[in-house]
There are 2 protein chains.
Amino acid sequence: MSPAKPQHSSTHHDAGGTTSTEQLTVAVVQCPLQGPRERNIACVDRWVRHAAAQGAHVILPPELFEGRYFPQREDPSFFDEARAFAGNRTIAHFSALARELQVVIPVSFFERDQQAYYNSVSVIDATGEVLGLYRKSHIPDGPGYSEKYYFRPGDTGFRVFDTSFGVIGVGICWDQWYPECARAMTLLGAEVLLYPTAIGSEPATPDVDTKEPWQRVMVGHAVANSIPVAAANRIGVEDGMSFYGSSFIANSRGDKVVELSRTEEGTALAHFNRRDVASERNAWGFFRDRRPDLYDTLLTADGHTRWRRR
Amino acid sequence: MSPAKPQHSSTHHDAGGTTSTEQLTVAVVQCPLQGPRERNIACVDRWVRHAAAQGAHVILPPELFEGRYFPQREDPSFFDEARAFAGNRTIAHFSALARELQVVIPVSFFERDQQAYYNSVSVIDATGEVLGLYRKSHIPDGPGYSEKYYFRPGDTGFRVFDTSFGVIGVGICWDQWYPECARAMTLLGAEVLLYPTAIGSEPATPDVDTKEPWQRVMVGHAVANSIPVAAANRIGVEDGMSFYGSSFIANSRGDKVVELSRTEEGTALAHFNRRDVASERNAWGFFRDRRPDLYDTLLTADGHTRWRRR
């Protein structure tokens with residue numbers, strides 16, 4: 001079944017008759033990040049400025065853009081790359097940039113908090129204000145992606161951030177495969193879902209290409225929650241591992257509005273009207289018909305044993 | 001991030017070296033259902049036999065296949081079409097057919113239980129045994145889809161059925177838009193997700209076509225749960241409402257293995273290897289990394305107020 005939906009598309013390239021606060025232009029940044037920290041920051045800085053010049057309001061760089069994707073190997077020396085949230089120089093850099101350009105920037109970084117290390121993102125508002133921190137909840141592990149060696153599973157819970165241009169939800173990479181994360185962020189009021197990412201080839205299975213399932217699962221979140229979704233991935237080869245870019249932005253029907261190639265460096269923008277997105281979500285009625293009284297199973301790990309708070 | 005996956009595909013058209021119990025061949029039935037009950041049952045019967053002759057183990061007819069899609073209008077006379085689960089003649093017909101052909105058949109029907117009416121499905125094993133009942137949990141409402149007028153929201157909770165050919169999860173139409181339903185059935189042990197469906201044009205918004213989002217959200221469930229998904233839809237025009245078929249089966253990567261057109265009557269089959277499907281799910285590790293300790297939000301309707309059992 002599907003209730004009737006408004007006839008307009010959820011993307012507006014013509015803002016005629018709408019107020020500026022209704023407009024939400026989202027951009028993804030895709031670039032190689034194999035160099036030293038300063039060069040990677042300069043590269044992201046350059047593309048953020050480029051996207052802002054084209055009118056982007058919210059600009060998403062890739063995951064852990066300060067350096068190479070170190071979880072490819074298990075090497076204790078990489079823990080030295082982590083930085084505290086408080087006084088973080090990279091966050092300070094992009095806070096100044098966000099204020100200068102009046103854009104929202106989610107900054108993904110390797111966080112150290114005393115003896116714990118997290119895969120985190122800090123959302124910076126268009127005023128330069130640091131709105132808060134989200135720590136990656138779902139931590140993967142497998143050949144070439146040894147994140148459980150580095151990152152403690154996040155303890156912040158899923159978060160949304162009320163920015164100057166709307167409420168944004170940010171999940172980090174592996175979180176993007178979890179319907180629970182997308183649903184929770186939308187229930188908390190997100191108007192768009194953003195996923196900084198680092199994904200590429202599979203060292204143990206060279207003929208497996210995960211690009212299609214990677215995009216499909218997020219397109220599914222877009223439809224199921226009737227909400228736009230954006231993912232920013234890195235490109236380039238690191239120690240034989242090839243990151244496939246394919247950064248994209250989907251509208252709330254799951255149409256890929258823009259998509260970058262597997263190798264091109266750059267940005268891609270998509271224009272949304274917040275009022276139309278909310279109107280379409282109401283027309284579908286997905287949230288009207290949810291059955292939390294039947295969802296207890298989701299709080300189990302095995303379908304039966306209820307998880308208990310320790 | 002994405003852990004390495006096995007190099008084999010999750011679909012096997014060559015069963016060489018595998019035991020019969022590892023093989024699972026799923027079929028969807030797509031046909032017009034505007035005629036009287038007897039003619040519709042005969043039509044579904046014919047196509048079930050056709051699919052079984054091609055080697056199908058589990059054969060899925062569309063939603064409410066005994067008659068026209070009556071929720072298009074709100075008319076109390078349609079309540080007379082409902083039948084009790086116990087002694088249901090249509091279920092008895094397909095129980096005999098399932099036993100004869102040694103196939104599993106989920107039978108969608110309009111159920112009356114005393115003063116309550118449900119949109120239900122009864123799963124029949126290849127022995128002819130009726131394994132149980134599931135009542136549609138998510139009930140839509142909108143122009144042309146006035147289901148809230150007819151159906152009490154289901155009280156069975158999400159269910160899986162342990163059949164002769166594997167554990168199957170069955171959701172009913174609008175349930176197919178809900179990640180909660182797909183995740184719950186997979187957590188409960190489903191090896192394939194089946195969705196009998198009745199979906200078509202939108203009377204209030206003729207230029208809106210929901211076919212793409214309809215398929216995309218289920219493809220998302222296939223990837224997120226690393227599980228094959230099948231949907232069977234009706235075709236034909238009923239009172240100006242056009243049902244668009246497009247029944248399909250996707251593998252656990254979200255590849256559409258088979259898809260019928262918007263108008264053709266018939267069946268489509270896909271072959272899976274249960275061991276490979278389970279192996280791929282383990283390789284992804286989605287269920288290893290879930291965080292039920294962070295999923296409380298999913299049991300709320302507004303993101304904050306916890307639902308309480310009355």
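Chain A is the first sequence line, chain B the second, and so forth, proteins listed ahead of strands; every chain is numbered from 1.
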So for [X], is it side chain, backbone, both, or neither that comes closer than 4.5 Å to the heavy atoms of chain A?
{"X": "B:L298", "answer": "both"}
{"X": "B:N233", "answer": "neither"}
{"X": "B:Y178", "answer": "both"}

Calculate, to the nearest 0.5 Å, the distance between atoms [atom1] and [atom2] belonging to [X] and [Y] respectively.
{"X": "A:L294", "Y": "B:D155", "atom1": "CG", "atom2": "CG", "result": "8.5 Å"}
{"X": "A:T300", "Y": "B:L187", "atom1": "OG1", "atom2": "CG", "result": "5.0 Å"}
{"X": "A:F286", "Y": "B:E180", "atom1": "CZ", "atom2": "CD", "result": "11.0 Å"}

Relative to chain A, which of B:C181, B:P153, B:G220, B:G254 shows the most heavy atom pairs under 4.5 Å?
B:G254

Quick check on the interface: out of B:S146, B:P179, B:G144, B:G157, who has the most heavy-atom pairs with chain A under 4.5 Å?
B:P179

Locate the shortest heavy-atom distance separating [X] from [Y]; write the atom from each residue and the value.
{"X": "B:R253", "Y": "A:E212", "value": "NH2-CB, 4.2 Å"}
{"X": "B:L188", "Y": "A:H304", "value": "CD2-CE1, 3.8 Å"}
{"X": "B:R216", "Y": "A:D255", "value": "NH1-OD1, 2.9 Å"}
{"X": "B:D289", "Y": "A:K148", "value": "OD1-NZ, 2.6 Å"}

Show your reasoning for whether side chain to side chain contact (heavy atoms under 4.5 Å, CB included) applies to A:F158 and B:Y295.
CA-CA 9 Å; A:F158 308 113; B:Y295 296 161; 3.8 Å; yes

Throw together a table of side-chain donor-acceptor distances under 3.5 angstrom for residues 222-229 of chain A, partners on residues two or more places apart or in other chains.
residue, atom, partner, partner atom, Å
A:N225, OD1, A:R183, NH1, 2.9
A:N225, ND2, A:H221, O, 3.0

So, A:R291 side chain and B:G154 main chain: donor-acceptor pair closer than 3.5 Å or not?
yes

Which atoms of A:D175 approach chain B - backbone, side chain, both or neither, heavy atom under 4.5 Å:
neither

Relative to the ring of A:W284, is the ring of B:W177 parallel (under 30°), tilted (30 to 60°) or perpendicular (over 60°)?
tilted

Step through the shown structure and confirm whether more than 12 heavy atoms of other residues, nucleotides or ligands are within 6.0 Å of CZ on B:R152.
no

